[in-house]
Number of protein chains: 2
Amino acid sequence: MAKEKPDLVYGTLDMLILKALQYDPRHGLAIADRIQQMSNDILHVEQGSLYPALYRLEAQGWIKAEWGVSDNNRKARYYKLTAAGRKQLSAEEEHWLRITKGIDLVLAGG
Amino acid sequence: MAKEKPDLVYGTLDMLILKALQYDPRHGLAIADRIQQMSNDILHVEQGSLYPALYRLEAQGWIKAEWGVSDNNRKARYYKLTAAGRKQLSAEEEHWLRITKGIDLVLAGG
DNA sequence: ATCCTTTACCAAGACTGTCTAGGCATCCAA
DNA sequence: TTGGATGCCTAGACAGTCTTGGTAAAGGAT
């Protein structure tokens with residue numbers, strides 16, 4: 001059997017996470033759930049991709065973490081966007097639009 | 001300085017190459033040129049990405065290679081789509097549309 | 001009380017695809 | 001005869017995702 005393509009487009013997870021945090025802070029699994037739900041179940045975020053991405057983003061200063069308690073009364077690490085994160089999000093959206101436009105032009109057949 | 005994003009969306013090169021070969025056989029550099037041109041200079045394909053991709057595609061049986069002579073009278077390896085390659089192209093386009101729709105839904109803000 | 005399931009976080013290593021940075025051969029013009 | 005342009009090619013670094021494993025705590029069921 002052929003190997004399946006990943007559930008994500010490589011390199012877009014950071015943008016998706018920032019977007020999921022745009023309006024409210026959330027904890028890790030809630031971010032993954034939110035992305036899946038916002039995408040109408042098209043996208044699926046594996047935990048093994050999620051947590052490394054969260055560290056990346058935090059290390060870049062785009063999100064900030066804080067321990068809290070989830071709706072289910074469990075210890076959870078809440079992330080929220082920083083000002084730099086908002087800037088980054090808008091830069092990534094712009095980049096995404098630009099590149100996908102390029103790809104769409106190619107697919108449209110020149 | 002921040003690191004620049006790549007000129008391509010990781011994982012889309014195979015699709016772009018297949019698309020560039022959809023109507024005519026071409027040699028390697030001409031494929032890269034064609035993608036760049038079709039995308040209005042938005043996308044740029046490095047040789048170090050191009051050739052490995054061509055081997056991949058040939059190994060999968062999606063393209064077939066043959067030595068020839070370029071317009072500039074140079075030895076060049078011409079690639080053309082196979083029947084399986086056409087199928088693959090359409091599968092990849094479908095997958096691309098699906099995933100980008102998911103991403104666009106997320107970006108639209110849920 | 002004890003177990004089981006669910007929630008939540010985390011890590012190690014494999015894998016894949018792109019990029020950087022080289023190199024070789026040939027053609028043609030200066 | 002030298003140098004630029006064309007065309008193919010490779011090795012190794014690198015980044016991001018996936019697979020697979022784990023821990024801990026809450027809450028319900030037995």
Side-chain angles (χ1 to χ4, degrees), chain A residues 2-18 25-36 43-60 62-63 65-79 92 95-96 99 102-103, chain B residues 2-18 25-36 43-60 62-63 65-79 92 95-96 99 102-103:
Chain A
K3 191 130 23 73
E4 291 302 326
K5 292 256 167 181
D7 299 320
L8 287 169
V9 180
Y10 196 107
T12 58
L13 180 54
D14 292 9
M15 176 177 70
L16 295 173
I17 290 175
L18 295 176
R26 282 168 207 282
H27 62 84
L29 287 189
I31 292 170
D33 287 348
R34 178 111 176 101
I35 290 172
Q36 181 160 352
L43 306 178
H44 178 67
V45 181
E46 300 294 338
Q47 295 191 26
S49 314
L50 174 68
Y51 291 107
L54 289 171
Y55 306 148
R56 256 192 329 261
L57 296 175
E58 191 177 11
Q60 302 279 352
W62 296 331
I63 60 178
E66 191 173 294
W67 284 103
V69 176
S70 79
D71 289 350
N72 294 309
N73 201 34
R74 264 150 185 99
K75 203 175 40 148
R77 199 147 170 81
Y78 280 80
Y79 292 92
E92 297 219 10
H95 179 257
W96 172 251
I99 298 299
I103 293 177
Chain B
K3 190 130 25 72
E4 291 302 325
K5 293 254 168 184
D7 300 320
L8 287 170
V9 179
Y10 197 106
T12 58
L13 180 55
D14 292 9
M15 177 177 70
L16 295 173
I17 290 174
L18 294 175
R26 281 168 207 282
H27 62 84
L29 286 189
I31 293 171
D33 287 347
R34 178 109 177 102
I35 290 172
Q36 181 160 352
L43 306 179
H44 178 69
V45 181
E46 300 294 339
Q47 295 192 26
S49 313
L50 175 68
Y51 292 108
L54 289 172
Y55 306 147
R56 254 188 337 257
L57 296 175
E58 191 176 11
Q60 301 279 350
W62 295 332
I63 60 178
E66 191 174 295
W67 284 104
V69 175
S70 78
D71 289 349
N72 294 310
N73 200 33
R74 264 151 186 99
K75 205 174 38 144
R77 199 149 171 77
Y78 280 80
Y79 292 91
E92 297 219 11
H95 180 258
W96 171 252
I99 298 299
I103 293 177

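Chain letters run A, B, ... following the sequence lines, proteins first and then strands; every chain starts at 1.
- In terms of the side-chain hydrogen bond (donor to acceptor under 3.5 Å, both in side chains) criterion, B/Arg77 has no residue partners (sequence neighbours excluded).
- In this structure A/Arg74 satisfies the salt bridge (charged side-chain N to carboxylate O under 4.0 Å, His left out) test with no other residue, sequence neighbours excluded.
- B/Tyr79 places no side-chain N or O within donor-acceptor distance of the main-chain N or O of B/Ile31, the cut-off being under 3.5 Å.
- Contact check of residues 25-33 of chain B against DNA chain C (heavy atom, cut-off under 4.0 Å) returns no residues at all.
- One finds a side-chain N or O of A/Ser70 lying less than 4.0 angstrom from the OP1 or OP2 phosphate oxygen of C/dA8.
- As judged by a 4.0 angstrom heavy-atom cut-off over every strand, A/Tyr55 is placed among residues touching the sugar-phosphate backbone only.
- The structure places CG of B/Asn72 at 7.5 Å from NE2 of B/His27, a figure rounded to the nearest 0.5 Å.
- Checking the phosphate oxygens (OP1, OP2) of D/dC18, a side-chain nitrogen or oxygen of A/Ser49 falls inside 4.0 Å.
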Reading nucleotides 22-30 of chain C from 5' to 3' and marking B where a protein heavy atom lies under 4.0 Å of the base, S where only the sugar-phosphate is that close, and - otherwise, the string is ----BBS--
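- Remark: B/Ala53 engages B/Leu13, B/Asp14, B/Ile17, B/Arg56 in a side chain to side chain contact (heavy atoms under 4.5 Å, CB included) (not counting sequence neighbours).
- Checking the phosphate oxygens (OP1, OP2) of C/dC10, no side-chain nitrogen or oxygen of A/Tyr51 falls inside 4.0 Å.
- For B/Arg56, no side-chain nitrogen or oxygen approaches OP1 or OP2 of C/dC15 to under 4.0 Å.
- The side chain to side chain contact (heavy atoms under 4.5 Å, CB included) test applied to A/Gln47 returns A/Leu29, A/Tyr51, not counting sequence neighbours.
- Listed by chain and number, the residues in a side-chain hydrogen bond (donor to acceptor under 3.5 Å, both in side chains) with A/Glu46 are A/His44 (sequence neighbours excluded).
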